[in-house]
Every structure is written in C-alpha cells, then in structure tokens.
Amino acid sequence: MSNQLGRVEDLPADYYQSLVSMNTLPLWPALRSVLPYDIPARRTQPVMWRYSDIRPNLLRAGELAPIEKAERRVLVLCNPGLGLQNMQATASIYIGMQLILPGETAPNHRHTPSAVRFVIEGQGGFTVVSGEKLPMEKGDLILTPPGLWHEHGHAGKGPVIWLDALDLPLIYGIDASYCIEGKSQAVDQAQGKCNAEFRQGGVIPYRSLDSSSTPYPLLRFPWREVRQSLLALAGVTAKGELVHLAYVNPETGRECLPTLGFSAIMLRPGEETRLRKRSASAVIHGVEGAGIATIDHVAHAFGEADTIAVPTHAEVVLSNASGKEPACLFMVDDAPLHRKLGIYEVFD
Ligand code: GTQ
C-alpha cells in the first residue's frame, strides 16, 4: 500500500510521449486518483439551490423561450464540482425545474433515461404516461419510466412548476441516452386507473399475483396520501428515529425505477436526526416547513422547494426549524443503482 506511486515526471519524456502517441497511458501515476483508499474521490459538492433564486429566472424563461422552441422549458441544477456544462446535481442524478404555462403542451416523447416529476406549485398541470392522464398536484410524484411515452400539459391558470429528476448523467455517461418523438397520445386508460388499482397499501389487484402486466404498475404517488402516511408513521416511531417512507412498486415492494430511489421524510417539531451514512448520492428537496441540513459538518438552512446535493459517503444531520410544525422532505438517491451493481453500503 503506497500513496507514493511513480509520477509522470519520473518517466523519460520520450517514453511517455510514445505511449501517448499510441493512445495508451501508464496506470501507476493515475491509479490513486481513480482508485483512492478508503473513500471515493468526491467531486460532488454539497451545494444548495434556493427556489427563491430559481423561480424568477424560470418565469423569465417563460417569456424568453416559447415551448415550441424549448420542447421542455427547464433550468438545470448543476453541481459546480462536476462542471456546470455536465448538468449533474450528483454524479448520477440530473435535477431540473420545469415550467409549463396555461394551454401549453410539452410534446410527447420517450427516452432511455428514467425520469420523475415532483410537483412544486400550480394547479391544472398533468402528464400523460402510456395513455393514462395523471393529474399533477403539489407534492405529487409522477414516474415516467424508461421507454414509456410521456407528454405534459396545463389546463389551469398561472404557472405550473415541478422538479425533474432523471438518471441522465448515468445513461448519457454510458452512451445510451436518446429519445424518440411521437404524436400526442390518445388517453385510453380510465381516469385515476393506477391510483384506484393500488389505492391501499398491502392490497393489490389479484391478477398481479399471476403475472405483472408492466414493471411500472403505479405511476403517480399523491402527496396527500404520502403525507398522511408520514403522519401515521411519525405517531409510532420512537423519538430520535427517522420518519422515512420509501416510494415502491406495490407489486414487488422494491424500488419503483431501475436506478433511482425516492423517499419522503418527516421531521417532527423540534426534531434533529441523522441519515444513515451510505455509499449512495442523493438530492434532498424541501416540501413543507423549514430546517437545517448539515452535510459533512456544513449547515444549509432550507425552506420549501429548496434543493440540496448530498455527495456519496456524506454525514447528514437534519433538523426541523420549528418547534410546532412538522417539516417534510423529498429525497432522490441512486441507491437502487448501487444495489444492482453490488456496491451498496451502509456504514453505521
Ligand atoms: O419532461 O420529459 O428536465 O425529457 C429533461 C429531459 C425533462 C421531460 C427534463 C426531459 C424532460
């Protein structure tokens, strides 16, 4: 074990140049940077994006970028540690904030990256996924899984804004990112279908036991229900233990998309708790109330719709700023990817 491996400068210049000219490199000068001891080299910075900074610029994009010219009107949350142009919130997670105005349509397409929407504000927005029209109310989580047709619309008044989370950096990074455009979908599924089929936890359509018709049976998770579940869990969770719910595929009980995981946290009034230290990276997003997220010993005061990048292996402490009201957070992480790759670790 050595941190003192040979350097490029230690090699004869002509030897090094001949390697380069043949599109080869010596490993040893670079080995410790790609395979560091004990903890990954973390380029992801624990940065915060304030909604109060993003919102006016997103509304301005509504004036500057007609939807026909934009396809998706989005401001991307870029982690400076990863290079702004790479559009990564963490190494694997893309986060955008998307604006749609009344009467607009973000046209139908499907793509290899997985995506979700988490609704921040406005009424009347909807996403059509595989022929089902899914209403978008504040706090709702809508899945647009890889390869499924999806388009967005807005039949209400005022701006509708949501957070997009995609595994785009990962899929782009393996040269696998592309999309196909299609004509607008026929809405051929009954209104409210998937939420009726999976209305109650622990009860599923009987046919699901024989064979699943789709790997993505539930596409919309209404915040109203998730919040009720958080409150119920809060009532039976010991003090100091995290009130934390995972969004899952109701047929398998496992994560609902291949690479990204989604969860909701409730910090009870006055509560301060730690997240478990893990190998996965994450993005946390304020839904309700306010608090402080301390990431690797740096405190970030967050409020509603503020968004924070959490690097891999980070120490995270969350506290509720209020002694009276709960605070809720939505979290996106890449734990499903880590599990599939066999590299998922929890350190304590
Ligand atoms: O709404 O389908 O932020 O395709 C980036 C790519 C949103 C979308 C994004 C997309 C979408």
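Just so you know, these numbers come straight off a predicted model, no measurement behind them. In each ligand, atom 1 is the first atom listed, and ligand 1 is the first ligand listed.
Nearest protein neighbour of atom 6 (C) of ligand 1, counting heavy atoms only, is L166 CD2, 3.9 Å. Ranking the protein heavy atoms by distance from atom 7 (C) of ligand 1 puts D164 OD2, 3.3 Å first. With hydrogens left out, the protein atom closest to atom 5 (C) of ligand 1 is Y94 OH, 3.5 Å, a heavy atom.
For atom 2 (O) of ligand 1, the nearest non-hydrogen atom from the set M97, R72, E151 comes from R72.
Ion pair E132/R220 not flagged as a salt bridge, since none of the NZ, NE, NH1 or NH2 atoms sits closer than 4.0 Å to an Asp/Glu carboxylate oxygen. Between D10 and R7 a salt bridge is recorded (basic side-chain N to carboxylate O distance below 4.0 Å).
In summary, the atoms of ligand 1 found under 4.0 Å from a heavy atom of V74, numbered by their order in the structure, are 3 (O). Near H150, meaning under 4.0 Å from any of its heavy atoms, are these atoms of ligand 1: 2 (O). Below 4.0 Å from some heavy atom of H152 lie the following atoms of ligand 1, by number and element: 1 (O), 2 (O), 8 (C).
Contact analysis puts H109 in contact with ligand 1, with a non-hydrogen atom separation below 4.0 angstrom.
Under the 3.5 Å distance criterion, with hydrogens and angles disregarded, no donor-acceptor pair is assigned to the side chains of R276 and H244. E151 and S184 share a side-chain donor-acceptor pair at under 3.5 Å.
Annotation: cation-pi pair R278/Y344 absent, no NZ/CZ under 6.0 Å from the ring centroid and within 45° of its normal.
Under the 30°/60° scheme for interplanar angles, the aromatic rings of F118 and W223 are found to stand perpendicular.
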